[in-house]
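This chain uses plain numbering: 1 for the first residue, then up along the sequence. Order of listing sets the numbers, starting from 1, for every ligand and every atom in it.
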Amino acid sequence: MDEIRVFSPATVSNVACGFDILGFPLESVGDEMVVRKTKEKGIVITKIEGFDLPFDINKNVASVSAMALLDVAKPDFGFEIEIYKKIKPGSGIGSSGASATSSVYAINELLGRPFNKLQLTEFAMKGELISSNSEHADNIAPALFGGFTMVKSLNPLEVLQLPTLKDLFVVIIHPQIEIKTSESRGILPKMVSLSDATKQISDLGGLVHALHTSDYELLKKSLKDHLVEKHRSKLIPYFDELKSKSIAAGAIGCSISGSGPSVFALAKGKQMAINIELIFNSIFSKSNIDFTTYVSKISSDGVTTI
Ligand code: ADP
């Protein structure tokens with residue numbers, strides 16, 4: 001095989017109760033990428049469609065993560081990359097994570113799969129590092145492993161795949177406002193109270209148990225953020241209304257996706273998800289902020305060959 005086309009999903013990270021460690025991929029929202037073997041060694045990006053992103057291989061996360069893989073694999077040929085970007089960079093639904101993931105997944109396939117998913121996550125983290133200045137895996141691990149995924153530890157890297165409930169849908173609204181990563185990080189306190197930490201541990205445990213026992217009621221009680229949301233939500237217009245109205249309409253939970261500005265809600269079944277999308281739409285329609293909404297099943301596969 002000399003060429004491959006892959007789908008790389010958008011991802012929701014943090015998921016209310018798992019700040020920096022929890023995430024899941026979307027089934028029907030994501031980027032595409034074509035990767036082709038070349039005689040010349042190394043990586044070259046030949047096409048980027050959708051958004052304006054760097055062709056410089058040291059600045060694009062797709063090539064940085066690919067080069068981390070090639071440093072270990074050392075093939076005597078190279079690869080060219082075409083990026084078909086559908087996920088807006090900086091939206092909070094894993095735009096850079098999707099590129100960091102798809103290049104290493106695609107090259108691993110073309111090389112005959114010498115690396116496992118954990119090793120691919122390590123390579124992709126090198127790409128994420130240049131987009132956010134911190135090595136984190138809460139977008140790329142879900143994109144590579146599929147389903148609800150927990151990054152148990154970064155050093156050494158340990159990833160847990162949690163069960164994913166089959167009727168679970170996600171609704172996302174992406175208000176087109178810019179929140180600088182430095183601002184959304186900077187607004188967080190250095191210390192949290194013992195009582196907030198205790199509540200968060202309890203809710204994360206509740207979520208894990210709910211996923212293992214298919215308990216939607218427990219999932220609803222557990223999808224709570226005691227640490228981050230109260231600070232970051234100040235940066236997102238209409239956040240309180242999105243949350244209260246979607247939960248009143250039957251959402252299982254609603255919180256910030258990644259570091260925002262996207263907001264997600266979880267719903268049981270597609271019809272409930274569509275109802276919540278209508279609520280999100282009506283709240284932002286009265287503003288002068290452009291926005292996009294998405295409804296998707298949670299993907300249990302993550303990145304896949306098309
Ligand atoms: P999101 O908030 O959707 O997760 P990120 O904040 O992780 O998006 O990443 C966006 C940043 O990464 C932008 O500064 C963008 O220029 C940079 N970047 C570099 N390469 C890529 C790429 N291939 N795809 C998306 N973003 C990229």
### Message
Among all protein heavy atoms in this structure, tell me which lies nearest to atom 23 (N) of ligand 1, with the distance rounded to 0.1 Å.
### Response
N60 OD1, 2.8 Å
#### Entry: same_hphob_cluster(L118, F24) at 4.5 Å side-chain heavy-atom cutoff
no
### Message
Could you check whether T305 and Y105, counting side-chain N and O atoms only, form a donor-acceptor pair closer than 3.5 Å?
### Response
yes
### Query
Is it the side chain, the backbone, both or neither of K85 that has a heavy atom closer than 4.0 Å to ligand 1?
side chain
### Message
Which of the numbered atoms in ligand 1 are under 4.0 angstrom from any heavy atom belonging to S99?
### Response
22 (C), 23 (N), 24 (N)
### Query
Considering only the protein, which heavy-atom contact is closest to atom 19 (C) of ligand 1, and what is its distance?
K59 O, 3.6 Å
### Message
Please determine whether side-chain contact (heavy atoms from CB on, under 4.5 Å) holds for the pair L70 and I107, giving the CA-CA distance in whole Å, both sets of side-chain angles, and the decisive distance to 0.1 Å.
### Response
CA-CA 9 Å; L70 295 195; I107 292 175; 4.1 Å; yes
### Query
Which option out of I130, I87, L53 puts a heavy atom nearest to atom 18 (N) of ligand 1?
L53
### Message
Apply ring-ring contact (aromatic ring centres under 6.0 Å, His included) to residues F280 and F291 and explain how you reach the verdict.
### Response
CA-CA 10 Å; F280 279 3; F291 64 94; 9.7 Å; no
### Task
Answer yes or no: is there an ion pair linking K85 with E32, defined by an N-O contact shorter than 4.0 Å?
no
### Query
Non-hydrogen atoms of G258 versus ligand 1: any pair closer than 4.0 Å?
no
### Query
Where is the nearest protein heavy atom to atom 4 (O) of ligand 1: which residue, which atom, and how far?
G94 N, 3.2 Å
### Query
For atom 10 (C) of ligand 1, what's the nearest protein heavy atom and its distance?
G90 N, 3.7 Å
### SB check D76 K37 (cutoff 4.0 Å)
no
### Message
For D196, is there an ion pair with K199 - N to carboxylate O distance below 4.0 angstrom?
### Response
yes
### Contact atoms of ligand 1, heavy-atom distance to V61 under 4.0 Å
19 (C), 20 (N), 21 (C), 22 (C), 23 (N)
### Protein contact of atom 12 (O) of ligand 1 - nearest heavy atom, named by residue and atom, plus distance
S131 CB, 3.2 Å
#### Entry: Per-atom contact, atom 14 (O) of ligand 1, protein heavy atoms, under 4.0 angstrom
no
### Query
In terms of residue, atom name and distance, what is the protein heavy atom nearest to atom 2 (O) of ligand 1?
G92 N, 2.9 Å
### Message
Can you report which non-hydrogen protein atom sits closest to atom 7 (O) of ligand 1, along with the distance?
### Response
S96 OG, 2.5 Å
### Query
What is the nearest protein non-hydrogen atom to atom 25 (C) of ligand 1, stated with its residue, atom name and distance?
S95 OG, 3.4 Å
### Message
I need the atoms of ligand 1 closer than 4.0 Å to a non-hydrogen atom of I93, numbered in the order shown.
### Response
3 (O)
### Query
Any chance the side chains of N139 and T11 put a donor and an acceptor closer than 3.5 Å?
yes
### Message
Can you tell whether the side chains of K126 and E128 come within less than 4.0 Å, N to carboxylate O?
### Response
no
### Task
May I ask you to say whether E183 pairs ionically with R232, meaning some side-chain N is under 4.0 Å from a carboxylate O?
no
### Task
Decide whether the shortest distance between a heavy atom of S132 and an atom of ligand 1 is less than 4.0 Å.
no
